[in-house]
Structure formats: C-alpha cells, structure tokens
There are 2 protein chains.
Amino acid sequence: MGIFSKTCEYAMRAVFFIAHKTAGGGRVGIKEVALGIDSPEHFLAKILQDLSRRGVIQSAKGPNGGFYVDEVILNMPLASIVEAVDGSDIFTGCGLGLEYCSEENPCPIHHEFKAIRNQIQDLLKTTKIGGFNKELNMGIAVLKKQKNLPQ
Amino acid sequence: MGIFSKTCEYAMRAVFFIAHKTAGGGRVGIKEVALGIDSPEHFLAKILQDLSRRGVIQSAKGPNGGFYVDEVILNMPLASIVEAVDGSDIFTGCGLGLEYCSEENPCPIHHEFKAIRNQIQDLLKTTKIGGFNKELNMGIAVLKKQKNLPQ
DNA sequence: CTAATAAAAGATGAAAAGCTCTTTTATTTA
DNA sequence: TAAATAAAAGAGCTTTTCATCTTTTATTAG
Ligand code: FES
Ligand code: FES
C-alpha cells in the first residue's frame, strides 16, 4: 500500500473523474466511473455511496441519474475525501506509530517527519477537487493506466 | 494506518531500541525490546526474526543471547528496514494508486506528490540506524508513549 | 401508471494484516 | 553432560481491507 489506503486512492480518482465529467452539468453512472478509473465497479459503488452520504459528492437515482458535483464541491480540497475515507491520522499521526505525536516527547524522526506530514497536508488542503479538469480534458493528466506504454 | 504499516513502525522502533542498547556491545532479549517499545512480544518476535534473516539486525541463541547490531548496521539507513518490511512502493508508487507512476502519463497530483515522495526517501536514506543513540540516552527522543503526559 | 433506469442497501466471501500460543533448535554455563 | 536460556519455527486465530453478487428503493420518461 502507498500513503493512502486503496479505498482512498479509488475515492480520489473517482471524485476527480466525476468532477471532470460533470463540472458543466449532467451526471455520470457508476459503470462509466469504474471504467474510467479502472476500479472494481461494485466496490467503488460502496465507496461512492459513502462519499455521497458525507456530502463529498452528490447522486441521483433513476434514468439520467448518476453521480455529480456542484460548484461548492468543485472548490472543496482533496483533504475532504482523504479525511472521509482514511480519517485524519495522516495529518497528526506519529511516523513511528507512537500513540500520539508530541513536541515534548518526540520520537527520533519527529522533526523530519513533521515536515513531510505538513507537506502532505499542504498538498491535500490546497488541491481543489475541480482543480484538474483542464488537464484531464487535455489528456495531460490521467486517472488510469494508459495502454501500450512500457513502464 | 500511517505512512508505514504497523509492522514497519514496530520494526523501526525495535531496531532503534536494539541499536541504542547494544551499540557498545552486549545483546538484548525480545522481552526487553517489546517492553521498551510497547509492542506485542510474540508478534515482534516474528518481525525481528525476519529482519535478522535479512541482515538488518543480528541475533544469537542461548544464555546471553538476544538481538544486537554491529558497526556496519549502525551505519545503515532507516530505508533498509522499511524496504525489508513494506517493500519499495513508498519510493516509487503513485499517490493515486495508478499501476505505475510516470512522467509521461502523470496523475493529477504527480508533481506535488513526487516532491513528497522524494522527501520521504531523503529522510529514510539519510537517517542512520545508529543515529539517535545519543538522543535516546539523554531521553530527548522516546520510543514509546510516556506516562502521565496528557496529549 | 408502468416499465426502465440507476443508485442504495444487504449479505457474503476472500485475502491480507495483525496478533497469540506452543514446540523446537541452538547455545552456554555450570 | 545436564539444565537453563533465548531465539526460531510452526500452527492457528482475529480483525480489517478489499471485493462480489443480489435485492430493494427512488426517479423519470413514456
Ligand atoms: S512523535 Fe513521531 S512524528 Fe512526532
Ligand atoms: S503518476 Fe501519480 S504520483 Fe506519479
């Protein structure tokens, strides 16, 4: 696993995809999202249901239904997704797994780790959910493995 | 979970502890290590056996036996432990979980994430296993939760 | 109002991570 | 050589994560 759980990785990719597809109106179905980010459909459905309940995306049932986002969500930070899925440990937790990270009783790598943690926090708080629509449209950024490309 | 797996967190704390206790010679038993870093003894034993097999620590059976490290190990980077336990995904993996991280087909957060990944790599490669013995001796750095300290 | 659509919810299961307990093997010291 | 010591190895359990399949509910177009 990487820095984020697999669930959280799917969540971020999916929300980027939905933002990209519906920023100008409309909805996108679960099948299309799963295909677009290369994730297991039924598993992703669970994740999106949860994000929808928490207000990180929006959804509508029935014909022409699907997932979508509004202006407010487009301006929310990536951190909203990560916190909803993985919790806030990544912003506050100790790099060596001590029960709590503290300035008074720091673990050996506390200072260096804190800098990294802050940089992660910065990335997640300043990156807006809708911030990559242009890159995604232009194909400069991708949300799944591109074919015919070694390494 | 944090950036590293729980197993990896235990491993790093344990190796720091062993380095601290045996840098001047001698061995330290599994019970003392488990107590010293506040980890489950039998689970930690498995982790240390594995690290020993991989040459990240040394061990001796019988009376006066236990775990220890030599000069060579004291100068090895923290990265050796992390790689042995969690693999090298943390050095190369994509922040959004794409199959591979690539400059040609980057995910939306590729550039910012790469900077973070490099900083983690830098921390793990420049931090020596024996680099904190002084701090640990002086009590300036700790390897388990300190008692009677709120937050 | 009905049929079609699409998300929501429920039930279940596989795999990995985390953890415990018991037995065996190697070493030392007396 | 016998007893004590301590890691190594083996077997197995619990929880969490990741994933699939089926049924239900809400919505909409006709
Ligand atoms: S105490 Fe470990 S990172 Fe702060
Ligand atoms: S492609 Fe995602 S971090 Fe490089």
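So you know, we letter chains A, B, ... as the sequences are listed, proteins then strands, and number each from 1.
- For A:H42, the listed nucleotide lying nearest its side chain is D:dT20; candidates were D:dA7, D:dT20, C:dA8.
- Atom-to-atom, CD of A:E41 to P of C:dA9 comes out at 17 Å; the value is rounded to the nearest Å.
- Side chain of B:D86 to main chain of B:V82: no donor-acceptor pair is present (N/O by atom type, distance under 3.5 Å, no hydrogens or angles).
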_Run B:K114 and B:N118 through side-chain contact (heavy atoms from CB on, under 4.5 Å) and show every step you take._
CA-CA 6 Å; B:K114 194 176 151 192; B:N118 285 342; 4.2 Å; yes
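- Spacing between atom CG of B:D50 and atom C1' of C:dG18 amounts to 14 Å, rounded to whole angstrom units.
- Look at NZ on B:K31: it is 11 Å from P on D:dT5, rounded to the nearest Å.
- Rounded to whole Å, the distance from CD on B:Q49 to P on C:dG18 is 17 Å.
- Taking atom CD1 of B:I47 as the reference point, atom P of C:dG18 lies 9 Å away to the nearest angstrom.
- Here B:L35 is tied to no hydrophobic group at all, with no ILVMFWY side chain closer than 4.5 Å.
- By the salt bridge (Lys or Arg N to Asp or Glu O under 4.0 Å) test, B:K144 is found to be paired with no residue, residues two or more places apart in sequence or in another chain being considered.
- Each side chain to side chain donor-acceptor pair (under 3.5 Å) pair with one or both residues in residues 62-82 of chain B, not counting sequence neighbours, appears once here: B:Q58-B:D70.
- When rounded to the nearest whole Å, the span between CG of A:L44 and P of D:dT20 equals 11 Å.
- Between B:F113 and A:F4, the ring planes lie tilted relative to each other; the angle falls in the 30° to 60° range.
- Contact annotation: A:S59 does not reach the phosphate of C:dA6 (side-chain N/O to OP1 or OP2, under 4.0 Å).
- Remark: nothing in residues 78-94 of chain A comes within less than 4.0 Å of DNA chain D through any heavy atom.
- Counting non-hydrogen atoms under 4.0 angstrom, B:V33 reaches nothing in the nucleic acid.
- Other cluster members for A:V142: B:L98, joined by side-chain heavy-atom distances under 4.5 Å among Ile, Leu, Val, Met, Phe, Trp and Tyr.
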*Encode nucleotides 23-30 of chain D as B, S and - characters from 5' to 3', where the letter depends on protein heavy atoms closer than 4.0 Å: B to the base, S only to sugar-phosphate, - to neither.*
--BBBBS-
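- Take B:F16 and apply the ring pair (Phe, Tyr, Trp, His ring centres under 6.0 Å) test, not counting sequence neighbours, and it matches B:F132.
- Atom-to-atom, CD1 of A:I30 to P of D:dC21 comes out at 15 Å; the value is rounded to the nearest Å.
- Listed by first and then second residue, the salt bridge (Lys or Arg N to Asp or Glu O under 4.0 Å) pairs involving residues 11-29 of chain A are A:K21-A:E32 (not counting sequence neighbours).
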Could you run down the sub-3.5 Å N/O contacts of the protein with nucleotides 17-19 of chain D?
| unit_1 | atom_1 | unit_2 | atom_2 | d |
| --- | --- | --- | --- | --- |
| D:dC18 | OP1 | A:K6 | N | 3.2 |
| D:dC18 | OP2 | A:T7 | OG1 | 2.7 |
| D:dA19 | OP2 | A:Y10 | OH | 3.4 |

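- Going from atom CD of A:E32 over to atom C1' of C:dT5 covers 15 Å, rounded to whole Å.
- Look at A:R53 and you won't find any side-chain N or O under 4.0 angstrom from OP1 or OP2 of C:dA8.
- For D:dA7, the OP1/OP2 oxygens have no side-chain nitrogen or oxygen of B:S52 closer than 4.0 Å.
- Within the structure, no pair that satisfies the side chain to side chain donor-acceptor pair (under 3.5 Å) test touches residues 37-47 of chain A, not counting sequence neighbours.
- Residues meeting the salt bridge (Lys or Arg N to Asp or Glu O under 4.0 Å) test with B:E135, sequence neighbours left out: none.
- The hydrophobic cluster around A:I140 extends to A:M138, counting ILVMFWY residues whose side-chain heavy atoms fall within less than 4.5 Å of a member.
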